[in-house]
Amino acid sequence: MKKSFFPKMAYNNMKTNKQAYIPYLLTCIITVAMYYIIHSLSLNPGMAEMFGGNTITLILNLGCYVIALFAVIFLFYTNSFLVKRRKKEFGIFNILGMEKRHLAAVLAWETLYVMLISLIGGLSLGILLDKAMFLLIGKLVDAQIMLGFFIAPSAVFDTTVLFAFVFLLILANAARQIHVAQPMELLRDSSAGEKEPKTKWLLAAVGMVFLIWGYYLAITVVNPVSSLFTFFYAVILVVLGTYCLFTAGSIAFLKLMRKNKRYYYQTKHFISVSGMIYRMKQNAVGLANICILSTMVLIMISSTSSLMVGLEDILNARHPFDFAVFSYEMDEKKNEALVDDVHQLLDTHGLTAKNETQYTYLSFAAYQAETAFDTDPDNFSSTLNALSELTEIIVLTLSDYNAMEGEQKTLRSNEIFVCGNRSTYEYPVLNLLGKEYQVAGTLDRFIKNGRIDANITQGLCIIVADQEQMDWIYEKQTELLGNMHSSIALFHGFDIQAQDSAKADFSKETAAHIQKNYSRSVFEAKEASRKDFYGLYGGLFFIGIFLAVLFVMATVLIIYYKQISEGYDDRLRFSIMKKVGMHHNEVKAAIRSQVLTVFFLPLFIAGVHVTAAFPLISKLLALLNCMNTQLYIKCTIVSFLIFSFMYTVIYLLTAKTYYRIVSK
């Protein structure tokens, strides 16, 4: 054969199958572009000049790994649609005299064409959009953007190497399938799955158990820290349950519908149910993939948008005052000197403190088992569950609390007031480090501190009667924890009404003064943290949107190929039904009912998944101080409505291709 035979044949094959190849090429191009953009942004020197740039860069680096893994799995998976549709074609070529190695050569040239088009198109698109994405991040984090155009040669190289490897894997897998199959098997393979599938009741039951178990874990989670562990267990169970139910449960359900003779023996239902039974075997995995991807999109968008929209609330929870001083000096006189120095610096800058709050407190970690709190985790549970039982204990004296809140509360020596930041303590007694206290009441508001709110563990504030009680707790935890013990700290927080420049000058000088003269003290300013917060949450929101776009694209492509596959499968049935006397509109209505049922089933199940995951995700958001549950509900509803609209548009567009195929 001539050397140009295989390249020409590969080109003609792609041209002939353009209906399947064009969406695949577009997907490859967009995937390449998205990987390059994320990788290039992580290497952009302009990130270092943004506040929170280091955090954004870290998030972008993690995003590179996610997209790389996704590209390998997704492109490998979507290519299987192409190979499956063309196996009959390869079988004919094989019967007509082409050897397996010749078919492999054609596949190699087709893969080379796809790779070159994808890399050239994807890198070109990525380079063009890279600056726009950089400007978008700058807008999200409220940063000043320098003019200029940046191209990362290393990002170009890494992108080329990654996708060359991906396409090499795709070629190897396709060549393997052609090599091991016999010609007649290739001819029949495109029609695989036409036999009525068996009902796998055990697999369906296992899927239901997994799904209920995953829902139970998500719904019953109480401790935000334990939700970190629960999230991974619940995700694995729900994913496994979804695949099992779509694979076996859907077939079992359809066969139960078929046994209902009053329902089944109607023209529309007869065709729909019987058609779905035969098609579900080959479509189950695709439908499950659509469901899982839809769930991921909805959760990512709703959670990251909640963080971004509620950013100011999160910032105010972390920094309840414009400025705060945390002093861990052991000398009380040094603490007094520190506060005097802060006041003197305020006078020097002509500023006045407002809403000034000051108190001393003791903070240490303890493990909880109902009413008992201790520092030894061995007394409570295994190491795996110990972190979920960890509580940050914050001890204040009643005099400091009354002065801070303007109250006149009283306590006996063995009584305490309690208040939790993420849960309510509901027991009448509390055993702390071996000493039992009577709970005189529960306070409505948690103390203003910020650092304690930023801790991922739940906090419990305990108001004791006097300094003697605090000193006993301090000595006891010192005895138990040794070198790991906590010191009694001073908190001094205040606001300032002034221009941003005046605040910035005061903040800079005060931070330098405290760092130089008070080694065990920390100065915090809300405005200095604002940029870091925007960097962190803006970066998370950007990655969330970016990955959501990627997953939506994957969903669109899976749906498109599913419609094409079903169109070719249904074309013969469509023709037969018309020949046996059924009216065109009746057949079309039956097929429309069948397609709609199968098409919107993943969206419905994704909605159920998101609803069941709501308690778990809200607890995870609480770890990031996003406590506004109403905001998360609104973001979830809006995300679902927008995604449902997009999903419907995708259906309408792909349905045209389906009806065009079956009507030929």
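All values below come from the heavy atoms of this structure, side chains included, with hydrogens, waters and symmetry mates left out. On a predicted model such as this, the values are computed, not experimentally measured, just so you know.
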Does a side-chain heavy-atom distance below 4.5 Å link [X] with [Y]?
| X | Y | result |
| --- | --- | --- |
| Ile170 | Leu75 | yes |
| Thr242 | Ile292 | yes |
| Leu641 | Phe645 | no |
| Thr159 | Val32 | yes |
| Ile236 | Phe210 | no |
| Phe600 | Tyr647 | yes |
| Val114 | Ile117 | no |
| Tyr35 | Ile30 | no |

Where [X] and [Y] come nearest, the two heavy atoms and their spacing:
| X | Y | answer |
| --- | --- | --- |
| Ala613 | Ala218 | CA-CB, 4.3 Å |
| Ala548 | Val297 | O-CG2, 3.8 Å |
| Ser302 | Ile299 | OG-O, 3.2 Å |
| Ser154 | Leu43 | OG-CD1, 3.1 Å |
| Ser644 | Leu603 | OG-CD2, 3.9 Å |
| Cys291 | Ile605 | SG-CG2, 3.5 Å |

Rounded to the nearest 0.5 Å, how far does [atom2] of [Y] lie from [atom1] of [X]?
| X | Y | atom1 | atom2 | answer |
| --- | --- | --- | --- | --- |
| His39 | Phe157 | NE2 | CZ | 10.0 Å |
| Ile642 | Leu298 | CD1 | CG | 10.5 Å |
| Thr160 | Met115 | OG1 | CE | 9.0 Å |
| Thr31 | Leu26 | OG1 | CG | 10.5 Å |
| Leu621 | Thr304 | CG | OG1 | 9.5 Å |
| Leu620 | Ser303 | CG | OG | 9.0 Å |

Apply side-chain hydrogen bond (donor to acceptor under 3.5 Å, both in side chains) to Tyr113 and list each qualifying residue two or more places apart in sequence or on a separate chain. none
For Thr295, side-chain hydrogen bond (donor to acceptor under 3.5 Å, both in side chains) partners two or more places apart: none
So, the side chain of [X] versus the backbone of [Y]: is there a donor-acceptor pair under 3.5 Å, distance only?
| X | Y | value |
| --- | --- | --- |
| Ser124 | Gly121 | no |
| Asn12 | Lys8 | yes |
| Ser40 | Ile37 | no |

The test is side chain to side chain contact (heavy atoms under 4.5 Å, CB included); show your working for Ile617 and Phe231 and say whether it passes. CA-CA 8 Å; Ile617 302 300; Phe231 177 77; 3.9 Å; yes
Go through Phe167 and Cys28 one step at a time and tell me if the side chain to side chain contact (heavy atoms under 4.5 Å, CB included) criterion holds. CA-CA 10 Å; Phe167 286 114; Cys28 293; 3.9 Å; yes
Test side-chain hydrogen bond (donor to acceptor under 3.5 Å, both in side chains) applied to His609 and Ser294, step by step: CA-CA 10 Å; His609 287 351; Ser294 301; over 6 Å; no
Check step by step if side chain to side chain contact (heavy atoms under 4.5 Å, CB included) holds for Leu307 and Leu311. CA-CA 6 Å; Leu307 291 172; Leu311 181 57; over 6 Å; no
Give the intermediate values and the outcome of side chain to side chain contact (heavy atoms under 4.5 Å, CB included) for residues Leu616 and Leu217. CA-CA 8 Å; Leu616 176 59; Leu217 291 177; over 6 Å; no
Check each of Phe640, Tyr215, Tyr632 against Phe614 using the ring-ring contact (aromatic ring centres under 6.0 Å, His included) test, and report the only one that passes. Tyr632
